[in-house]
Each structure stands twice: as C-alpha cells, then as structure tokens.
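Worth knowing before you read on, the calculation uses all heavy atoms, side chains too, and leaves out hydrogens, waters and symmetry mates.
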Amino acid sequence: MDHVNYGLSKSREESDPADIPIDALPRAVLRRGAHLVLDGDWNFAFDPENRGLRELWYLGHSYPEKAPWPGSVEDHMKSGMGPVPEKLDQVIAWYEREFPLPQPENRLPKSMLQLTFGACGYETRVWLNGFPLVTVEGESVHFGEYTSFSYELEQTILRPVNRLTVRIADSMEPDIPRGKQASHIYKRGGIWYQTYSGPVRSIWLEELERNRLRSRVAVVSIVEDRLVRFTLTLHIHDPGTYTVSLRVYPHRNTSAPPLAEDRYTMALESGERNQRLVLDMPGARLWSFDQPQLYTLVATLTDEDGYASVIETHFGLRKIESRGSGIYLNNNALYLDGILYQPGTATYDQIKRHLYAIKRLGCNLVRIHIAGVDPRIYKLADQIGLLLWVEVPSPHRSSQVSRSNHRQELLRMLRLLETHPSIIIWSLYNEGWGAQDIAGNPETRQYIIDLYDYMRINHPQFLVVDNDGWSHISYEGRLKSDILTAHVYTARYSNWVRALDEVCEGRLASPAPLVVGDPFFYRHQLPIIISEWGGFGFRAYGGPSDPDHRNRLIRKYKHVLRKREIAGDVYTQATSIEEERNGLIDGATGDLLVDDQLLNSQNIPPFGNSAP
C-alpha cells in the first residue's frame, strides 16, 4: 500500500542497475523471525469532542467508518467527511482491528510477540483486548511521530482472535516537534505545510526472543586504526551468562567466510542496557560517496542453553572531520555539492526515484529538511553513495516544554539512525525555529550548548550544526557548531554576491546576525557552508522558472560559490512542495527538469583562482 511519505510499496525500478533489495519493514536492522504486517483498512472513528476515553471506547465501540493504515487523519477526513477546516486545533482519532494469534506449533521456544509501530502520533495510546499496553521503554502514552516504538504482548492477555485499539491525538501546539507542518504560530502557506497526523508508517506483529538484541546498532569507526566500535542494545528478561558474537561478512554475502569475528561473554541482569563492543578489521576498505563500500554485520546473543537472538545490518567505515576551513571525508578534502530535500507527501517509490535523480544532478549531499522519513531511505543512501545531512523536526516556540520535547525527539532519532555511514551532519535547529530567543535568552543558548557538547562526546561520528542558517552560538569565542552555515537568498544577483562575501568574512547582518552570544572572530578557523541558496522559481526567492534560464543562472551562481573559500553549498530544492514551486526534479516521476550534472561543481576551478 502506498501512503504519503511512508508507503511500504515495493519498488518498480527493477531495471535500474543500482536497484537493491530493501527490507519490507521500515528499519535499519533485519531480524530472522516471522512477522505479520497489520496494514490495511481499519475501523475508524473521529473523536472531535474527546469522548472516547470517558466512554471507554477501548472496551467496545461501534465504528462508523473504515480508514487506511498507514494514512493521515487529515487525508481520510478530506476523502469522506467533506471540507476539512485548515485550523483544527486538535485531531483525535481511534483505529481498531482484529488479528489472529499465530498458531502454537509455529512458535519458537523462549519467544514472545512484539507489536511495533513504524511511526505514529503525535500522542499514541494502545489497548489489546481492552487491556492498556506499555511500550518497551515503559510509556503508557507514547509521544512523538517520527520514529518507531514497540510493545511486548503478555501471554495472559492474548486471545485466539485479538482486538487492537489505538487512540491517536495531535494538535497545532507549537511546543511539539513539527518541522514545517503548520502550527498556531506558523500558519499554513508559503513555506508552511498541511499537517499530517496519525499512523504515518506501517504496523507489524513480530515473534521475538525473550532475551534479545534490539533492532538498533550504533557504529563508530576511526579509520586510522581500522577498529569498528559497535554499540548494541541488550534486552534481558532472564538474568544469566550470555555470549555476544560478532561476525562481519562481505556485503549481502553471509554464506562466505567471515572477514572478522569475535565473541564476548558477560553476566547480564534483567532489564535493558547498551554495550559497546570493538572489532578489529585491519584490511577493511572505507566507505565514501564515490565508493560506498559496505559490510554485513551478523550479531548473535546466546544464552546458557544455546538459544540465540540474531540481528543483521550493513555498515561502513568512514571518518568525517571539520578541520580548519575544510571538511574531510576519510582524511580527504571534500567539497559538498548539496541539495535541500523535503519529501512532503511523496511515497517511498517516489523518494527512491528522487534520490537517484539527485545523483544525476551531480550532488554528493542531500540535506533532509526537518522531516521524519522512512528509515529505508538512509539504507538506500548507504548503498548508492549519497551523503546525508539530517535535522531534528523543530518545535515552533521557545520554551522549557519545547526544549524537553526537542531533546527527546533527537534522542529517539539517534537511537535508530546511528548505523548509517551516509549520515555525516546533524542540525539541532534551523533558522531559530523553536529557539527564536536565541540571541537574548541565555537559557536557550545554554540548552543548545549542552546539546552540542553531548553530541560531540557521545556521537563523534557526526558533525553537528547548532542552528543552521544564522545565529550560531559563540561561547567564550568558541563556536558551538562544527560548521559556520548561512542561508543566502536575495532576488538581485549583485546583492547576493555582496551577502556571500560577508559570510566568507565570518559576518552577516541580515536577516539575523551570523553569530550570537560572546564575541567571535572567524579567522577561517572552521568551514563555511552556504546551506541554502537559489530557490529560483519560488515567488519569495525570485529568479526564473523557465528551465533554460534557470540552468544558466544556477551555473553562474555555482561558479561564484566555488571561487570562495567555502566547504560546500546546498541548493533549494530537489522537488516542489505545496506553494514552493521551485524543484529541479519532477516529484511524481523523478525526471530531471534541468540539465544532468547541473549541481556538480567538482570540475569548476576552486578557491584560489580569481573571483568574479
């Protein structure tokens, strides 16, 4: 079934030579147990007066409609309930369906059933046969809409036929991470988009081991020593002595002899813990966008009776570094030819076409703009060789509540995205959305400083940007960002060149100061990226919509950029979305609307030659 942004449909690009198998489930890690996808038509009821909890709908209710899962509440309302008001303060919807219990003869020993939501929200409550469920993390109510969460199903509440009830609530509250979905503060229109609430990704039932490795693997490699540092999450019900074995194989070839392997024995108590394990791979080749070398990791947790939990994922060894005014991948200087990408309502098939088209544009970097996307996209980027810049979907107001929500969203995303060598940059905020008082409020700045420091210590495999676009934070003259970024939009070419030169000197006066906080003296001590520019064709940014004229203008601007001492640039944008009609790629087909290799500046003489 296709769905806006998060469909589970199989790709039809079978003839594409770069076509690769993708897990049917939206996750980075593969498991070998059986699963049952519960997508399809569910019983549905809209609850505008919030009566469902008071009237105990989870114990029994007559649902008047059917609605697709996955699918947004707003789309369903439009399809069957007439015009939908653009300013719905709150959306509450109930979904229900039945599913049969897997037959006992097919069940594995020491196993249990787990229910996983690929993503759903913003606020989700779940009941099974009228009993409230609690997530593996202990939440009776799950908050968030961009990452997966799971429930272990107790045998005592399972029935031959089971009734699953889900209540989903969302609102226009500006304190929750919303990205560019409209809110009470940023109204729909221009660069702000229709909200999408509800079951935005698939849901599945899966048989898992009671004592197991969870479906997440963090990877840190230091290329000089060829040691790979894996962090696994161990989930234990039965205390005892366990052995973890790691085996690394050629990519997608686990029948070959392992290239590296090791075993680690440890005593484990009940509960959940992270465990770092280090594996030596002296002959390993490095991953890069032009040679995306991947390996397959098979990790096994075995108990004293020999019963094993197995997970499998791919990984790559790579190092990303901000050094002086340059960015280095595997110790090689790198210029980032990037493009801004907002998937919006695209299906998975369309997103896949978009990424291949971005490669044809000559880009080596995609900036996925403050949105939650299907995790299989990161796997695809690992495979085809695209560097990724990802961002936490921002709240729309600066407050203690929004900062707490923002931090929790970041941590949820990190737990699921640490496997991918393609992800090299994280942004904490964008243009001060959700941190509008960054210049005048020490509490806001301190929160971002603390988060930056946390990322650098705990996630050294990424570069971190504090607040992309402007208003970077200086603390005692040290920038709390690995990159000095700027968004440079002006309709007049001469003004754009003037603003670009200001940024290259480490300053910018408009639309906001480039740096806030303590005095900061640039002196080429860190790289500059023009992380948004162009947008030609969108009325707010100026420029031509005619393809030929746009080709010429983009080439002209790219030449100017390469003549400056900067480390990269990001053009706005890959595909059009709502009122932003400035995409270089047809959103439906993935066809280019401009010339091949238009954004590839690798053959342009770089900084050091005379600038126009």
Side-chain angles (χ1 to χ4, degrees), residues 4-5 48 71-79 81-91 121-122 145-146 170-198 200 339-346 350 354 367-373 391-398 402 427 429-436 467-470 487-491 510-512 531-545 550 570-588 593:
V4 288
N5 209 2
S72 79
V73 175
E74 290 85 354
D75 276 353
H76 177 67
M77 291 169 65
K78 287 178 183 177
S79 67
M81 302 176 65
V84 178
E86 289 200 9
K87 296 182 180 179
L88 277 173
D89 286 343
Q90 187 175 46
V91 171
Y122 181 71
E145 61 179 290
Y146 304 105
D170 203 353
S171 72
M172 300 286 282
E173 271 299 311
D175 289 323
I176 66 177
R178 343 185 33 88
K180 292 180 74 171
Q181 297 182 74
S183 69
H184 291 313
I185 290 180
Y186 298 125
K187 311 299 183 183
R188 186 182 179 189
I191 65 170
W192 304 104
Y193 313 138
Q194 170 69 54
T195 58
Y196 284 90
S197 310
V200 294
I339 194 164
L340 189 79
Y341 181 42
Q342 304 182 83
T345 60
Q350 290 170 335
H354 299 164
R367 181 177 161 219
I368 301 175
H369 192 32
I370 55 175
V373 298
E391 304 172 330
V392 189
S394 60
H396 289 182
R397 176 166 60 195
S398 180
S402 77
S427 283
Y429 283 93
N430 177 76
E431 294 185 356
W433 301 338
Q436 292 90 337
N467 179 41
D468 185 50
W470 46 73
H487 298 173
V488 183
Y489 294 111
T490 62
S510 177
S531 51
E532 288 187 29
W533 68 276
F536 303 137
F538 181 42
R539 55 181 174 76
Y541 301 155
S545 56
R550 190 157 45 162
V570 179
Y571 183 82
T572 305
Q573 63 185 330
T575 54
S576 297
I577 177 170
E578 294 204 9
E579 293 183 15
E580 290 191 55
R581 313 307 298 172
N582 53 2
L584 303 184
I585 299 166
D586 185 293
L593 304 176

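- Looking at H396, its side chain never comes within 3.5 Å of a backbone N or O of W433 through a donor-acceptor pair.
- The two atoms that bring N430 and I370 nearest to each other are CB-CG2, 4.3 Å, heavy atoms only.
- Here T195 pairs with E74, M172, R178, Q181 under the side-chain contact (heavy atoms from CB on, under 4.5 Å) rule; sequence neighbours left out.
- The side-chain hydrogen bond (donor to acceptor under 3.5 Å, both in side chains) search around W533 returns D569, not counting sequence neighbours.
- For E579, the side-chain contact (heavy atoms from CB on, under 4.5 Å) partners are R539, not counting sequence neighbours.
- Interatomic distance, E431 CD to N467 CG, rounded to the nearest 0.5 Å: 8.5 Å.
- Annotation: side-chain contact (heavy atoms from CB on, under 4.5 Å) contacts of L593 (sequence neighbours excluded): D586.
- The closest side-chain donor-acceptor pair between S197 and D170 falls under 3.5 angstrom.
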Item to check | Steps toward side-chain contact (heavy atoms from CB on, under 4.5 Å) verdict (R397, E173) | outcome: CA-CA 9 Å; R397 176 166 60 195; E173 271 299 311; 3.5 Å; yes

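- Contacts of E391 classified as salt bridge (charged side-chain N to carboxylate O under 4.0 Å, His left out), with partners at least two apart in sequence or in another chain: R367.
- Of all heavy-atom pairs between A435 and S398, the closest is CA-CB, 4.0 Å.
- Contacts of S394 classified as side-chain hydrogen bond (donor to acceptor under 3.5 Å, both in side chains), with partners at least two apart in sequence or in another chain: none.
- With respect to E580 and K180, a salt bridge is recorded, a charged nitrogen being found less than 4.0 Å from a carboxylate O.
- Partners of R550 by salt bridge (charged side-chain N to carboxylate O under 4.0 Å, His left out), not counting sequence neighbours: none found.
- Considering all non-hydrogen atoms of both residues, P177 and E145 come closest at O-OE2, 4.3 Å.
- Taking H369 as the reference, nothing meets the ring-ring contact (aromatic ring centres under 6.0 Å, His included) condition, with sequence neighbours excluded.
- Residue N582 comes nearest to S576 through the heavy atom pair N-OG, 3.2 Å, listed as atom of the first residue, atom of the second, then distance.
- Considering CD1 of I368 and CD of Q342, their distance stands at 11.5 Å, rounded to 0.5 Å.
- For the ring-ring contact (aromatic ring centres under 6.0 Å, His included) test, residues two or more places apart in sequence or in another chain that qualify with Y489 are Y541.
- The two residues G179 and W192 make their nearest non-hydrogen contact at O-CZ3, 3.7 Å.
- What you find for L340 and V570 is that their closest heavy atoms are N-CG1, 3.4 Å.
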Item to check | D75 and Y196: CA distance, side-chain angles, deciding distance, side-chain contact (heavy atoms from CB on, under 4.5 Å) verdict | outcome: CA-CA 8 Å; D75 276 353; Y196 284 90; 3.7 Å; yes

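- Distance check: D175 CG to S183 OG gives 9.5 Å after rounding to the nearest 0.5 Å.
- Between the side chain of E532 and the main chain of G469, no donor-acceptor pair closer than 3.5 Å is present.
- Evaluation of the side-chain hydrogen bond (donor to acceptor under 3.5 Å, both in side chains) rule for Y122 yields no partner, not counting sequence neighbours.
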